[in-house]
J.: 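Have a look at the structure that comes next, please.
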There are 2 protein chains.
Amino acid sequence: MPTKTYHIGVEATMEIIGGKWKSIILCHLRHQTMRTGELSRAIPQISQKMLTQQLRELETANIVSRHVFHQVPPKVEYALTDYGESLSGILHELCVWGEDNIDRRQADGEKITLLSRDDI
Amino acid sequence: MPTKTYHIGVEATMEIIGGKWKSIILCHLRHQTMRTGELSRAIPQISQKMLTQQLRELETANIVSRHVFHQVPPKVEYALTDYGESLSGILHELCVWGEDNIDRRQADGEKITLLSRDDI
DNA sequence: GTAGATGGTTACTTTTTGGTAAGTAGGGCA
DNA sequence: TGCCCTACTTACCAAAAAGTAACCATCTAC
């Protein structure tokens with residue numbers, strides 16, 4: 001198979017946490033283990049399909065673990081793996097920087113709202 | 001105009017540094033002011049079009065400054081703004097985490113190469 | 001007068017990503 | 001019997017992001 005080539009480290013990172021949803025999902029999992037339904041309530045804009053798709057990709061990258069409880073109705077819990085935890089600091093900074101960015105833009109007169117801040 | 005709504009800070013951050021190219025460009029500008037041609041040599045995979053497009057967007061977000069020297073042939077220099085510098089720590093961590101990720105995957109037997117590490 | 005250097009734009013196409021809506025499973029429960 | 005719950009999948013379609021290739025402007029130097 002062909003060798004995959006990266007030119008700079010950040011490429012690999014963005015391949016894992018990039019895209020519209022992954023960093024958001026990870027920011028939520030940073031604080032707690034969550035069930036599928038909890039995640040979709042926490043991220044109301046995301047569709048079922050995108051949620052599971054992104055979770056699978058994060059699982060494949062060994063960032064998120066999936067724990068299935070064999071019950072009916074089904075129960076599945078997602079959490080950061082130990083390796084995923086190594087992203088925690090970065091995720092926190094990404095949240096905080098974004099909050100500050102929104103503050104600036106608001107102060108600049110832009111019509112923007114931020115619904116919740118990263119409390120921890 | 002409709003109010004733009006974010007649910008969590010990281011959304012705003014990723015809107016600015018997300019996508020295939022922005023974080024790479026920023027990682028290069030983190031170390032030095034660069035001319036257009038230098039950037040495209042530093043990021044050989046990027047096309048002219050994408051390079052200028054991404055730089056314009058970063059300029060609009062006030063992350064990058066553009067300094068035109070009125071010469072022939074033209075000379076244009078790009079640099080992080082003071083505000084852009086506030087991303088420097090995050091960008092560095094994204095690079096370092098990615099380097100480590102690549103190391104792990106290599107150790108895991110995946111065929112991957114990283115051409116250069118974030119030296120600073 | 002023609003080619004080269006630099007930075008940039010445009011029209012067009014392809015690829016990737018995301019969204020919608022419907023369907024599956026299987027036990028609980030009225 | 002039939003509907004609910006939860007997690008998940010699938011087929012299909014729309015939109016956004018990125019790639020390609022050709023083109024412009026301007027002065028310098030041959």
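Bear in mind that the values here come from a model prediction, so they are computed numbers and not experimental data. Below, chain A is the first sequence line, B the second, and so on; all start at residue 1. Because only heavy atoms are used, hydrogens play no part in the values below, and waters and symmetry mates are left out as well, while side chains stay in.
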J.: Please give, in whole Å, the distance from dT9(D) C1' to Arg66(A) CZ?
T.: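 Atom-to-atom, Arg66(A) to dT9(D), this comes out as 12 Å.
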
J.: Flag the pair Val64(A) / Leu26(A) as yes when at least one side-chain heavy-atom distance between them is below 4.5 Å, and no otherwise.
T.: yes

J.: Could you check which residues of residues 32-45 of chain A get a heavy atom under 4.0 Å from DNA chain D? Sort them by number, please.
T.: Arg35(A), Thr36(A), Gly37(A)

J.: Taking 5' to 3' order, which nucleotide of DNA chain C is first and which is last to have an atom within less than 4.0 Å of a heavy atom in chain B?
T.: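 The contacted stretch runs from dA5(C) to dA11(C).
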
J.: Would you check, one step at a time, whether the test side-chain contact (heavy atoms from CB on, under 4.5 Å) holds for Leu58(A) with Trp21(A)?
T.: CA-CA 11 Å; Leu58(A) 291 169; Trp21(A) 301 114; over 6 Å; no

J.: Does any pair with a residue in residues 9-23 of chain A pass salt bridge (charged side-chain N to carboxylate O under 4.0 Å, His left out), and if so which ones, sequence neighbours excluded?
T.: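 Checked against salt bridge (charged side-chain N to carboxylate O under 4.0 Å, His left out) - neighbours excluded - the pairs reaching residues 9-23 of chain A are Lys4(A)-Glu15(A), Lys22(A)-Glu57(A).
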
J.: Which atom pairs, one a donor and one an acceptor, fall under 3.5 Å between side chains of residues 67-79 of chain B and the rest of the protein, sequence neighbours left out?
T.:
| from | atom 1 | to | atom 2 | distance (Å) |
| --- | --- | --- | --- | --- |
| Tyr78(B) | OH | Arg56(B) | NH1 | 3.3 |
| Tyr78(B) | OH | Arg66(B) | NE | 3.1 |

J.: Please give, in whole Å, the distance from dA7(D) C1' to His67(A) NE2?
T.: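 To the nearest whole Å, that distance equals 15 Å.
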
J.: Contact class for Tyr78(B) (heavy atom, under 4.0 Å): base, sugar-phosphate, or nothing?
T.: sugar-phosphate

J.: For the backbone of Ile112(B) and the side chain of Thr3(A), can you confirm whether one donor and one acceptor N or O come within less than 3.5 Å of each other?
T.: no

J.: Could you report the tightest heavy-atom contact between Leu114(A) and Gln106(A), atom names first, then the distance?
T.: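 Smallest interatomic distance, heavy atoms only, reads N-NE2, 4.5 Å.
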
J.: Quick check against the 3.5 Å criterion: does Thr52(B) have a side-chain atom that pairs as donor or acceptor with the backbone of Gln48(B)?
T.: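 Such a contact is found between Thr52(B) side chain and Gln48(B) backbone.
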
J.: To the nearest angstrom, how far is Gln48(A) atom CD from dT9(D) atom P?
T.: 9 Å

J.: Give the rounded distance in Å between these two atoms: CG of Leu51(A) and C1' of dC8(D).
T.: 10 Å

J.: Please find the pair of heavy atoms, one from Thr33(A) and one from Glu38(A), that lie closest to each other, and give the distance.
T.: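 Heavy atoms only, the tightest pair is O-OE1, 4.2 Å.
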
J.: Would you tabulate the pairs of protein nitrogen or oxygen atoms and nucleotide nitrogen or oxygen atoms of nucleotides 12-18 of chain D closer than 3.5 angstrom?
T.:
| from | atom 1 | to | atom 2 | distance (Å) |
| --- | --- | --- | --- | --- |
| dA18(D) | OP1 | Lys20(B) | N | 2.8 |

J.: Among Asp108(B), Asp103(B), Asn101(B), find the one that has a side-chain hydrogen bond (donor to acceptor under 3.5 Å, both in side chains) with Arg105(B).
T.: Asn101(B)

J.: Spell out protein contact along nucleotides 23-30 of chain D as letters: B when the base is contacted, S when just the sugar-phosphate is, - when no protein heavy atom is under 4.0 Å; keep the 5' to 3' order.
T.: ---BB---

J.: Take atom CD of Glu77(A) and atom P of dT6(D), then tell me their distance rounded to the nearest Å.
T.: 15 Å

